[in-house]
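Notes to accompany the following structure.
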Number of protein chains: 2
Amino acid sequence: MARLETLLEALEDASALDDLQAVIESLRDHFRVDHMVYHWVDSGGDQYGCGTYFDTWRDRYIEQEYHRVDPVVLGCFQRFHPVDWKRLDWSGKPARAFLAEALEHGVGNQGYSIPIRGPNGQFALFTVSHRCDDASWAALIDSHGRDLILIAHYFNRKALEFEPDRAPDIPRSLSPREVEAMTLLATGYSRAQVADRLAISEHTLRVYIESARFKLGALNTTHAVARALARGLIVV
Amino acid sequence: MARLETLLEALEDASALDDLQAVIESLRDHFRVDHMVYHWVDSGGDQYGCGTYFDTWRDRYIEQEYHRVDPVVLGCFQRFHPVDWKRLDWSGKPARAFLAEALEHGVGNQGYSIPIRGPNGQFALFTVSHRCDDASWAALIDSHGRDLILIAHYFNRKALEFEPDRAPDIPRSLSPREVEAMTLLATGYSRAQVADRLAISEHTLRVYIESARFKLGALNTTHAVARALARGLIVV
DNA sequence: TTTTCCCTCCCCGGAAATGGGGAGGCGCGG
DNA sequence: CCGCGCCTCCCCATTTCCGGGGAGGGAAAA
């Protein structure tokens, strides 16, 4: 069995998605668990990831849009720290149905998921799952918790690297006045209020907004504010 | 000098902000660097953190709202992986002025910052800074990079524990329909287009927008979209 | 020096958003 | 069972925004 260091290096050296799949399988073997999954949860419903769940389950999950039901996804989305599946809320009817189906598809009764967040609201999960009793599971998590956090971090790093739309178009920066305008708009002020705040005429303000909109390739003011925010050009 | 393990345990056992301040000072000594800072960049402009920068600099930073200028904040906000300050964009005039002032206040010429993100758009930075030449700095980062990532993670975990009321009365999530509406608005569609997309009347759509605006405590549609975006409730 | 931004101001008409109101149906959980 | 939250539809008047146009001055870069 490969040493963890070696596997981490293989992860850092990965240059394609197939490499990640190979790494995650090695990691699963290293930690002696049934499953290990990296899972990018895009709110659009598109999902991307790699891991050792069976294809049937993965396809079913995507087809049924289970990320809207899955307590692991829902729970982790509101947490920062990793969470044991047992601590999640499985009380809902759809959640229990989902769990039953997952077990049928070979997902372990134990699970530990680490939420990871990147820029622009990116959200992903790194999960280990296994079939065993509570005590052995607790011991396993206790001894490998920190390693798993690091692995999750590096996995997400790689996934972001591979994602093509990381640098889509040149983010031409906004002028200071445009930044002020956008910031105040994003803070809820109306156009008139912003103009007042900046001590300029509303007409002038509009020129800034239009200019910013143009630079951002935005279709309207709301879109421009959203893009400026998403690109970190303004901070609300 | 305390061992890292011991310090990590002290961090996990911390039960108050003062403990974090003590831990970060010990960590600074452990890594033999000039400064170590954990820095929560709140979307409101309020900032919270602990670290070893001088009070004069911290006060100046907050008073001048430097987080809108600071290339470290701006750069990290668009990245996932930790970044060496040298790799950031210091070309702007305000950025250079900021840097000069920072150096005057005792901030090191070398720096390494790790972005951390939590639920609801939380964003924080964990930074080490030092005054030394490039080679020694590279060696230091190379040998401690992973440790720093873990420390950053645990620091944020603690900070989130201590500040449960960062987003106090507003963890109310949006309904699915509201999320769809906000998302499409943030994508640049007009109200009529969104209504068409969702195959509902424009009047109905308005109810969603108003409802979302209310839940988000927003003053208008643009504000609501900005808040939804900042809290990670929608993704563009 | 010329060019290229940036900042400032102004016109207009049409389109869109806003903020009030009211009303009915459906599904889930206490 | 009843309430509550969600989804759906409609009215109105008023305010605000949008997207075209044009114009001048100043500062920095090329």
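Numbers restart at 1 for each chain; the letters A, B, ... are given by sequence-line order, proteins then strands.
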Nucleotide C/dA16, atom P - distance to CG of A/Leu219 in whole Å | 13 Å

Base D/dG20 paired with A/Arg206 side chain (donor-acceptor, <3.5 Å) = yes

With side chain to side chain donor-acceptor pair (under 3.5 Å) as the test, would you mind laying out the steps for B/Asp70 and B/Tyr61 before giving the verdict?
-> CA-CA 9 Å; B/Asp70 188 349; B/Tyr61 193 103; 2.7 Å; yes

Hey, does B/Phe126 have a side-chain heavy atom less than 4.5 Å from the side chain of B/Ile116?
-> yes

Partner of A/Gln110 by side chain to side chain donor-acceptor pair (under 3.5 Å), out of A/Asp134, A/Asp133, A/Asp84 | A/Asp134

Nearest whole angstrom, please: distance from the C1' of D/dC18 to the CD1 of A/Ile209.
-> 10 Å

Could you check how far CZ of B/Phe214 sits from P of D/dG5, rounded to whole Å?
-> 10 Å

Using a strict 4.0 Å threshold on nitrogen-to-oxygen distance, state whether A/Lys215 and A/Glu178 make a salt bridge.
-> yes

B/Glu210 CD to D/dG5 C1', straight-line distance once rounded to whole Å = 17 Å

Protein-nucleotide distance (A/Asn220, atom CG; C/dA16, atom P), rounded to Å = 11 Å

Using a cut-off of less than 4.0 Å, is there contact between a side-chain N or O of B/Arg191 and OP1 or OP2 of C/dA15?
-> no

Are A/Tyr38 and A/Asn156 linked by a side-chain donor-acceptor pair shorter than 3.5 Å?
-> yes

Assign a letter to each nucleotide of nucleotides 4-10 of chain C from its 5' end: B, base within under 4.0 Å of a protein heavy atom; S, sugar-phosphate only; -, no contact.
-> --SSBBB

Between C/dT18 atom C1' and B/Leu205 atom CG, what is the distance in whole Å?
-> 13 Å

Taking atom types as modelled and ignoring hydrogens, do the side chains of B/Tyr66 and B/Glu101 form a donor-acceptor contact shorter than 3.5 angstrom?
-> yes

